[in-house]
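For the numbers below, each heavy atom of this structure counts, side chains included, while hydrogens, waters and symmetry mates do not. Order of appearance sets the numbers: ligands from 1, and atoms from 1 within every ligand.
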Amino acid sequence: MRVLASAPAKIILFGEHSVVYGKPAIAAAIDLRTYVWAEFNENGAIKIEAKDIRVPGLTVSFSEDEIYFESDYGKAAEVLSYVRQAIELVRKEADANGKGITVSITSQIPVGAGLGSSAAVAVATIGAVSRLLGLELSNEEIGKLGHKVELLVQGASSGIDPTVSAIGGFIHYEKGNFEHLPFMELPIVVGYTGSSGSTKELVAMVRGTYEEMPEVIEPVLVAMGKIVEKARDVITSDLDEELRFAQLGRLMNINHGLLDALGVSTKKLSELVYAARVAGAIGAKITGAGGGGCMYALAPENQSEVATAITIAGGTPMITRISREGLRIEEVLP
Ligand SMILES: Nc1ncnc2c1ncn2[C@@H]1O[C@H](COP(=O)(O)OP(=O)(O)O)[C@@H](O)[C@H]1O
Ligand SMILES: C[C@@](O)(CCOP(=O)(O)O)CC(=O)O
Ligand SMILES: [Mg+2]
């Protein structure tokens, strides 16, 4: 038997980082996907074929009989730890420890770019392997297992990424609970700096500053939470679209300033944010953990001008759509 599952990337519209501290956040699934095939193998091993993971920097060390592969992300085996933990977790749930499973992954999502590639690969793997092992799990339950995987690998995770990747659409998320927000087409442009940041390291960096000076950082996190509540009010209000977008744009700009204050922006991210605003975007901010990766801009009138401005500033623009669908079982072959 072979199973193919897919799960989407996401953008965090408002509230990344503060969501790790129990504040609310708003995210949406987008139409870039990770695809995972799962099948049994005879030798009892976990085998992972990561077909197109783009891992920057490779060092190979030869020591006695051992060979170690290292990338800018760490040891090669560590790079695959989200997938490995996802398989092990599902095997345990299904009481199938020791059962040989091979997964093969292809992905459209740039890695370490703030678009939730870690959550999408975890959710798609859990989806494919749970179906292979005959476990009946809802997408919501799979999102919760995806959160466990991120906690195991990263040490800290709010769970928003695996939740939205599993269930799709727009969500308001707080402390493990989510609520779908009304679907809307958002005229956004995502700008990719081309460099990456590790969520594990960025979350740890913010934690370090928080522990050093909680009296300074706590109010920043509280303000981020207020931005999210205001944004939710705006999204669910009956204001006309122009006014709604104008208010959301202002909230994005404030949120970006606070993320910069936490130290997760970079020169390139800020350049893309300002380039987008100068080209007429009504709001622009980092999306995801930062430290490289992506920003997004709200540009109801002039998406193509904003995309051009992002290119001129040295980034790669992506015009994406919100995905209503989360985890999908694409194929089950005998
Ligand atoms: N296609 C893939 N195959 C295997 N692992 C992947 C894949 N895509 C992402 N990952 C895992 O996710 C990690 C990146 O996650 P993270 O630092 O949270 O950034 P983001 O989720 O923003 O892309 C990678 O180092 C790798 O471990
Ligand atoms: C920084 C954070 O809020 C979002 C991280 O998203 P990503 O891995 O950069 O796509 C962490 C989390 O919510 O667990
Ligand atoms: Mg991630």
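For ligand 1, the atoms closer than 4.0 angstrom to any heavy atom of A113 are 22 (O), 23 (O). Of all atoms in ligand 1, numbered sequentially from 1 with element shown, those under 4.0 Å from a heavy atom of I105 are 1 (N), 3 (N). Applying the 4.0 Å criterion to heavy atoms of L115 picks out, from ligand 1, the atoms 22 (O). Each of the following atoms of ligand 1 lies closer than 4.0 Å to a heavy atom of S107: 1 (N). Heavy-atom proximity to G114, at under 4.0 Å, picks out these atoms of ligand 1: 22 (O). The contact set between ligand 1 and S198, taken as ligand atoms under 4.0 Å from a residue heavy atom, comprises 17 (O).
For the atom pair CZ (F40) and CG (L133), the distance works out to 5.0 Å, reported to the nearest 0.5 Å. Atoms CD1 and CG, on I126 and L137 in that order, are 8.5 Å from each other to the nearest 0.5 Å.
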Please tabulate, line by line, the atom pairs linking an N/O of ligand 2 to a protein N/O at a distance below 3.5 Å, with the distance in Å to 0.1, or answer 'none'.
residue	atom	partner	partner atom	Å
ligand 2	3 (O)	H17	N	3.0
ligand 2	6 (O)	K10	NZ	3.1
ligand 2	6 (O)	D161	OD2	3.0
ligand 2	8 (O)	T199	OG1	2.6
ligand 2	9 (O)	T199	OG1	3.1
ligand 2	9 (O)	A289	N	2.9
ligand 2	10 (O)	K10	NZ	2.8
ligand 2	10 (O)	G114	O	3.3
ligand 2	10 (O)	G116	N	2.9
ligand 2	10 (O)	D161	OD2	3.3
ligand 2	13 (O)	S158	OG	2.6
ligand 2	14 (O)	S158	N	2.8
ligand 2	14 (O)	S158	OG	3.4

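With respect to E271 and K267, a salt bridge is recorded, a charged nitrogen being found less than 4.0 Å from a carboxylate O. A salt bridge links K285 and E16; the closest N-O separation between the charged side-chain nitrogens and carboxylate oxygens is under 4.0 Å. Between R328 and E325, at least one side-chain nitrogen of the basic residue sits less than 4.0 Å from a carboxylate oxygen of the acidic one, meeting the salt-bridge criterion. With salt bridges taken as basic N to acidic carboxylate O contacts below 4.0 Å, one links K23 and E218. Ionic pairing of R91 and E93 is not present here: no N-O contact between side-chain nitrogen and carboxylate oxygen is shorter than 4.0 angstrom. Between D31 and R321, no side-chain nitrogen of the basic residue sits less than 4.0 Å from a carboxylate oxygen of the acidic one, so the salt-bridge criterion is not met.
Listed by first then second residue, pairs satisfying salt bridge (Lys or Arg N to Asp or Glu O under 4.0 Å) with a partner in residues 168-181 read E179-R232, not counting sequence neighbours.
With atom 26 (C) of ligand 1 as the reference point, the heavy atom nearest to it among V79, V36, T106 is part of V79. Selection from G290, G293, G112 by nearest heavy atom to atom 19 (O) of ligand 1 gives G112. The heavy atom nearest to atom 24 (C) of ligand 1, out of those in V111, D161, T287, V153, is found in V111.
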* **Residues S63, S61; criterion side-chain hydrogen bond (donor to acceptor under 3.5 Å, both in side chains); working and verdict** => CA-CA 6 Å; S63 126; S61 328; over 6 Å; no
* Test log, rule side-chain contact (heavy atoms from CB on, under 4.5 Å), inputs I310 and I312 -> CA-CA 6 Å; I310 286 172; I312 292 170; over 6 Å; no
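Using a 4.0 Å cutoff on heavy atoms, L80 counts as a contact of ligand 1. For the pair G116 and ligand 1, a heavy-atom separation below 4.0 Å is found. In this structure, A289 falls outside the shell of residues with a heavy atom less than 4.0 angstrom from ligand 1.
Close N/O approach between A119 and ligand 1 is not found [any backbone or side-chain N/O within under 3.5 Å]. Annotation: S117 places an N or O atom under 3.5 Å from an N or O atom of ligand 1; distance criterion only. Considering backbone and side-chain atoms together, A50 places no N or O closer than 3.5 Å to any N or O of ligand 1. Considering backbone and side-chain atoms alike, K200 places every N or O at 3.5 Å or more from each N or O of ligand 1.
Not counting sequence neighbours, the partners of Y210 by the ring pair (Phe, Tyr, Trp, His ring centres under 6.0 Å) test are Y21.
Here the side chain of Y296 pairs no donor or acceptor atom with the backbone of I11 at under 3.5 angstrom. Side chain of T209 to main chain of M205: a donor-acceptor pair is present (N/O by atom type, distance under 3.5 Å, no hydrogens or angles).
When each of E49, E331, K51 is paired with W37, the side-chain contact (heavy atoms from CB on, under 4.5 Å) condition holds for E331 and for no other.
At a cut-off of 3.5 Å, with distance as the only test, a side-chain donor of S118 or E150 sits close to an acceptor on the other residue. S6 and E330 form a side-chain donor-acceptor contact under 3.5 Å, judged by distance and modelled atom types alone.
The number of protein N, O or S atoms lying under 2.8 Å from the Mg ion (ligand 3) is 1.
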